[in-house]
Amino acid sequence: MEYKCIYKSKIGDITITADENALLSLQFGAENTDFAINPVIKETIKQLDEYFSLKRKNFDLPLNPKGTEFQKRVWKELTKIPYGETRTYKQTALAIGNPNASRAIGNANNKNPIAIIIPCHRVIGSDGSLTGYAAGLNIKEFLLKLEQQKKES
């Protein structure tokens, strides 16, 4: 069974989806659906509240993102990018042992089903530009500034 709820964040509505054991998705926007909350969603909401109030740097949630094996490898690598830091698409490609996969890294980021918690917002262009973010560059910029603010305090 899947459970869903809408989380009202500083950057808009986020739809959280979980099953009995793990977080399945965290997507920007509100879905029209029936909502039900379980312990995984309750813990996700708690940790998101802490993140947005600058009290949490790392998430500790069971994750089960749906994707290809390559996407899952990329998403796992993204979770290793420290809070308040960024990596380029090229650096991420090198980290997964596929130095020519920068474009594929971008595509995997675009398909990331668990935004914020799998921090694809921490991946930037090689020139330092904020390239691509499924929810919009304004949200990517907000998240990076939020993390930089906490890192500096």
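Heavy-atom basis, side chains included; hydrogens, waters and symmetry copies ignored.
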Working for side-chain contact (heavy atoms from CB on, under 4.5 Å), residues Ile6 and Ile14 = CA-CA 6 Å; Ile6 301 295; Ile14 298 173; over 6 Å; no
inquiry  = Apply salt bridge (charged side-chain N to carboxylate O under 4.0 Å, His left out) to residues Glu50 and Arg56 and explain how you reach the verdict.
reply    = CA-CA 5 Å; Glu50 293 167 352; Arg56 174 174 289 278; 2.7 Å; yes
ask   = Going through the distances and angles, do Leu144 and Thr86 end up as a side-chain contact (heavy atoms from CB on, under 4.5 Å)?
value = CA-CA 9 Å; Leu144 290 172; Thr86 58; 3.8 Å; yes
message = With salt bridge (charged side-chain N to carboxylate O under 4.0 Å, His left out) as the criterion, how do Arg122 and Glu147 come out once you've worked through the C-alpha distance, each side chain's angles and the decisive distance to 0.1 Å?
response = CA-CA 10 Å; Arg122 296 180 188 155; Glu147 292 181 10; 2.8 Å; yes
task = Please report the C-alpha distance between Val123 and Thr88 in whole Å, then the side-chain angles of each, then the deciding distance to 0.1 Å, and finally whether the side-chain contact (heavy atoms from CB on, under 4.5 Å) criterion is met.
result = CA-CA 5 Å; Val123 182; Thr88 65; 6.0 Å; no
inquiry  = What verdict does the side-chain contact (heavy atoms from CB on, under 4.5 Å) test give for Ile124 and Ser129, after you've listed the backbone C-alpha separation in whole Å, the side-chain angles of each residue and the deciding distance to 0.1 Å?
reply    = CA-CA 6 Å; Ile124 61 173; Ser129 63; over 6 Å; no
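Taking CG of Leu23 as the start and CG of Leu61 as the end, the distance is 6.0 Å to the nearest 0.5 Å. Within the model, atoms CH2 of Trp75 and CD1 of Ile114 stand 8.0 Å from one another, a figure rounded to the nearest 0.5 Å. The line from CD1 of Ile11 to CD1 of Ile116 is 4.5 Å long, rounded to the nearest 0.5 Å. A distance of 9.0 Å separates CD1 in Ile41 from OH in Tyr3, rounded to the nearest 0.5 Å. Atom CG of Leu78 is separated from atom CD of Gln71 by 11.5 Å, given to the nearest 0.5 angstrom. In this structure, the separation between OH on Tyr7 and CG on Asp13 is 11.0 Å, given to the nearest 0.5 Å.
The salt bridge (charged side-chain N to carboxylate O under 4.0 Å, His left out) contacts involving residues 129-143 comprise Glu141-Lys145, where partners must be two or more places apart or lie in separate chains.
Residues Phe70 and Leu94 do not share a hydrophobic cluster, clusters being chains of Ile/Leu/Val/Met/Phe/Trp/Tyr side chains in contact below 4.5 Å. Cluster annotation: Ile105 and Ile81 are assigned to the same hydrophobic cluster (Ile/Leu/Val/Met/Phe/Trp/Tyr, side-chain heavy-atom contacts under 4.5 Å, transitive).
For the side chain to side chain contact (heavy atoms under 4.5 Å, CB included) test with Ile16, the passing option among Val40, Ile37, Thr44 is Thr44; the others fail.
Annotation: salt bridge (charged side-chain N to carboxylate O under 4.0 Å, His left out) contacts of Glu2 (sequence neighbours excluded): none. Under the side chain to side chain donor-acceptor pair (under 3.5 Å) criterion, Arg73 pairs with no residue, sequence neighbours left out. Looking at residues two or more places apart in sequence or on another chain, you find a side chain to side chain donor-acceptor pair (under 3.5 Å) between Thr17 and Ser25. Considering only residues two or more places apart in sequence or on other chains, Thr131 meets the side chain to side chain donor-acceptor pair (under 3.5 Å) condition with Tyr89. The side chain to side chain donor-acceptor pair (under 3.5 Å) search around Lys4 returns Glu31, not counting sequence neighbours.
Looking at heavy atoms from C-beta onward, Ile118 lies in side-chain contact with Leu63 at the 4.5 angstrom threshold. Side-chain atoms of Leu48 and Leu26, non-hydrogen and from C-beta on, do get closer than 4.5 Å to each other.
Contact between Asp19 and Ala22 at its shortest, heavy atoms only, is OD1-N, 2.8 Å. When all heavy atoms of Gln91 and Arg87 are compared, the closest pair comes out as OE1-CA, 3.2 Å. Of all heavy-atom pairs between Pro113 and Pro65, the closest is CG-CB, 3.5 Å.
The aromatic rings of His121 and Tyr51 lie perpendicular to each other, with more than 60° between the two planes, well past the 30° mark.
The number of heavy-atom neighbours closer than 6.0 Å to NZ of Lys90, taken from other residues, nucleotides and ligands shown, is above 12.
Checked by atom type and distance alone, the side chain of Gln27 never pairs as donor or acceptor with a backbone atom of Ala115 at under 3.5 Å.
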